[in-house]
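Have a look at the structure below, then the notes.
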Amino acid sequence: MDLKNKVKKSLIWTFGDQIVTQIVFVLFGIFLARILSPAVFGVVGMVTMFTNFAALFIDMGFGVALIQKKEADNEHFSSVFWLNIGIGCFLYLLFFFLAPLFSIFFHQPQLTILVRVICLSFIISSLTSVQSNLLVRELKFKQKVLFNWISVILGYSVAFFLALNGYGVWAVVWMTLVTATSNSLLYWISSDWRPSFLFNKNKIKELSKFGFNVLGDTSVNYWSRNFDNFIIGRVLGSTQLGLYTRAYSLMLLPLRNISSVITKVMFPAFSKKQDDVASIKRHYLQIIKYISLVTFPAMIGLSLVSREFVLLFFGKNWIGMIPVLAILSLVGAVQSIFSLNGMIYNSLGKAHIAFKVSLLVNVVLIIAFTIGVNFGIVGMAWSYLIASVLLFFPIYNTAIKQLNTSLSEVFFTLKGSITATFSMAMVMIVLNNFLITSLLFGFAVKTFVGTLIYFIIVYNLEKALVKGLLLKVKKLLKIR
C-alpha cells in the first residue's frame with residue numbers, strides 16, 4: 001500500500017478512535033463528576049501532574065526517534081525496549097520513596113498510598129512503548145485504535161462501578177491502572193515483535209541526540225501546560241484544582257480530537273517526506289484549514305454557552321467552573337493550531353529548535369501563572385489566555401518559517417473560518433443578552449442558531465472547501 005493510502009486509512013481509524021474515546025470520556029466523565037466531588041478530581045490532579053511528567057522519561061524521546069529514523073533496525077528497537085523497562089522500574093522506586101513528600105507538600109495525607117499505587121503504571125507502560133511506536137512507524141493505526149477502545153471502555157467501566165459503590169478517589173486510580181494493563185496485554189498478545197536479549201549502547205547513542213531534544217521539548221512543554229495545576233494545588237487547594245482541571249480537560253478536546261490525531265498520523269508521514277519541504281508546506285496549510293473549520297467555532301461556541309453547559313451536564317456543585325471554562329475555551333481555539341508546531345520541528349529533524357522555543361514559552365507561562373494565582377482560578381485562566389495570545393505570533397512564526405511560509409499566508413488560508421466564527425460569536429452574544437429562558441432551551445437555541453449562522457457564512461466564503469469536506473465524509477461513510 002502506498003503512503004497516501006496508508007495516511008488516509010490511518011486518519012480514518014485515528015479519527016474514529018477519537019470519536020469513540022471522547023464519547024466515552026464525555027459520558028463517563030459527566031457521570032463521574034455527578035457522583036464524585038471536585039475535591040476528588042483535584043486530589044487525582046495533584047498526583048497525575050507529577051506521574052504523567054515522570055512517564056515522559058520512560059520513553060526518553062526514543063520512541064519519536066525510532067519513528068523518525070529511516071534506518072532503524074531490531075537492535076535499535078531491542079535496546080530501547082530494555083532501556084525503557086530499566087527507567088520504568090527506577091521511576092517507580094523513586095516515586096515510592098518520595099510519596100510521603102507529596103502528602104506533606106499538598107497537605108493531603110492520602111497522597112502517599114495513591115502515588116505508590118498509581119505509579120505502577122510506569123512499569124506497565126514501559127513494557128509496550130516499542131510495540132506501540134512500531135505500529136505508528138508503519139502507520140498501522142487500526143490495531144492501536146481497537147486496543148485503545150477496549151482499554152478505555154474497561155477502565156471507565158471499572159471507575160464507574162467503584163464510584164457508585166463509594167470508593168471515591170480510588171475509582172479514578174483503578175481506572176488508570178486497568179486501562180494501562182489491558183492496553184499492554186493486548187499489545188503483547190497481538191504483536192509479532194519480541195525483544196532480543198541484547199543492549200547496544202551505540203544504537204542508543206545514535207538515537208539520543210534527536211531523542212533527548214524531543215524529551216527536552218516535551219518535558220518543558222509539559223510543565224508549561226501543568227504549572228498552573230501545580231500552583232493551584234499548592235495555593236488554592238484540591239477543590240479549586242478539581243474545578244480548574246475539569247474545565248481544562250474540556251479545553252483540550254479539540255487538541256485531543258483533531259490536532260493530536262493529525263499529529264499522530266502526519267508526523268510519521270511527513271518524516272518519510274522530510275526532504276520535500278514544499279510538499280509538507282502544502283499539506284500543512286490544508287490541514288490547518290480543515291482544523292480551524294471545526295475547532296474555531298466549537299471552542300468559541302463553548303465559551304459562549306459555558307453557563308448552560310456546566311449547569312446542565314455537571315450540576316450546581318461545578319458552578320465555579322463556568323468562568324474558567326469560558327476563558328479556557330478561547331485558549332483551546334488558539335492551541336488547536338499552535339499545538340502542531342512540534343509536528344513541524346520533529347518531522348524535519350529540528351527538535352533542538354523546538355526545545356529552545358519551549359524554554360521561552362515555559363518561562364512566560366510560569367510568570368503569568370505566578371501572577372494569576374493571586375486572583376484565584378479565574379485569574380489563572382485569564383493569565384493563560386493573555387500569555388497564549390502574546391506568545392502566539394513570535395512562537396508560531398518561528399515554527400512556520402521552517403516550512404517557508406508566513407503569518408500572512410496562514411491568516412489568508414484561514415480567513416473563511418475566522419470570519420464565519422467571528423460572525424457566529426456576535427450573534428450568540430446578542431442572544432446571550434436578550435434570550436432569558438430555561439437552561440435547556442437557551443442552550444439548544446444558541447447552539448442551533450450559532451451553528452446555522454456559522455455554516456451559512458463559511459459555506460459562502462469557502463464553498464469549495466466545505467463541498468470537498470462533505471464529499472470526503474460521504475466517501476468515508478461508504479467505505480465504512
Side-chain angles (χ1 to χ4, degrees), residues 15-16 18-31 33-34 246-247 249-259 289-316 318-319 321-336 414-474 476-477:
F15 272 117
Q18 291 303 113
I19 291 170
V20 172
T21 302
Q22 292 308 312
I23 288 173
V24 173
F25 169 77
V26 171
L27 292 179
F28 277 92
I30 289 172
F31 285 137
R34 285 188 170 273
R246 294 308 290 172
S249 67
L250 290 169
M251 179 269 280
L252 288 178
L253 284 177
L255 276 69
R256 288 172 175 161
N257 293 334
I258 300 176
S259 300
K289 201 169 187 177
Y290 281 123
I291 288 176
S292 68
L293 198 68
V294 178
T295 60
F296 286 7
M299 297 314 295
I300 302 301
L302 179 59
S303 176
L304 294 171
V305 296
S306 56
R307 176 178 172 274
E308 293 87 348
F309 181 84
V310 171
L311 293 177
L312 278 172
F313 295 106
F314 288 85
K316 292 182 180 179
W318 294 84
I319 194 168
M321 187 173 103
I322 294 172
V324 180
L325 179 60
I327 299 165
L328 289 185
S329 295
L330 304 179
V331 178
V334 177
Q335 291 283 348
S336 66
L414 304 182
K415 67 182 186 302
S417 54
I418 292 173
T419 303
T421 300
F422 180 79
S423 302
M424 177 201 76
M426 292 299 100
V427 172
M428 292 182 72
I429 288 171
V430 171
L431 288 175
N432 266 334
N433 291 328
F434 293 98
L435 188 64
I436 302 174
T437 183
S438 68
L439 286 173
L440 181 59
F441 183 74
F443 178 76
V445 169
K446 282 185 273 191
T447 302
F448 174 77
V449 173
T451 302
L452 182 64
I453 293 295
Y454 176 79
F455 184 79
I456 291 172
I457 294 175
V458 84
Y459 182 79
N460 282 282
L461 294 177
E462 298 284 359
K463 192 170 292 185
L465 178 68
V466 175
K467 284 184 175 180
L469 183 60
L470 292 174
L471 184 62
K472 290 178 187 293
V473 172
K474 187 178 179 181
L476 175 59
L477 291 174

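Just the heavy atoms: all of them, side chains too, but no hydrogens, waters or symmetry mates, feed the values below.
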For G301 against M428, the heavy-atom pair lying closest together: O-CE, 3.9 Å
Aromatic plane relationship, Y459 with F455 - under 30° parallel, 30 to 60° tilted, over 60° perpendicular: parallel
Test item: W318 and F313 side chains (from C-beta on) under 4.5 Å apart, heavy atoms: no
No-hydrogen, no-angle side-chain donor-acceptor test under 3.5 Å, S336 and T295: yes
Distance in Å, E308 CD paired with F443 CZ, rounded so as to fall on 0.5 Å steps: 8.0 Å
Between OH on residue Y290 and OG on residue S417, distance to nearest 0.5 Å: 12.5 Å
Atom pair CG/CG of L439 and L311 - distance to nearest 0.5 Å: 5.5 Å
Among L304, V449, V305, side-chain contact (heavy atoms from CB on, under 4.5 Å) partner for L431: V449
Identified side-chain contact (heavy atoms from CB on, under 4.5 Å) counterpart of S303 within the set V331, L330, L328: L330
Interatomic distance, T419 atom OG1 to E462 atom CD [nearest 0.5 angstrom]: 9.0 Å
Sequence-distant partners of I457, side chain to side chain contact (heavy atoms under 4.5 Å, CB included), two or more places apart: A420, S423, I453, L461
Closest contact, heavy atoms only, R307 versus I322: CA-CG2, 3.7 Å
Atom pair CE/CD1 of M424 and I456 - distance to nearest 0.5 Å: 13.0 Å
Distance (rounded to the nearest 0.5 Å) between S292 OG and K415 NZ: 11.0 Å
Min side-chain heavy-atom separation I319-V310 under 4.5 Å: no
Least distance between heavy atoms, Y454 atom then L293 atom: OH-O, 2.8 Å
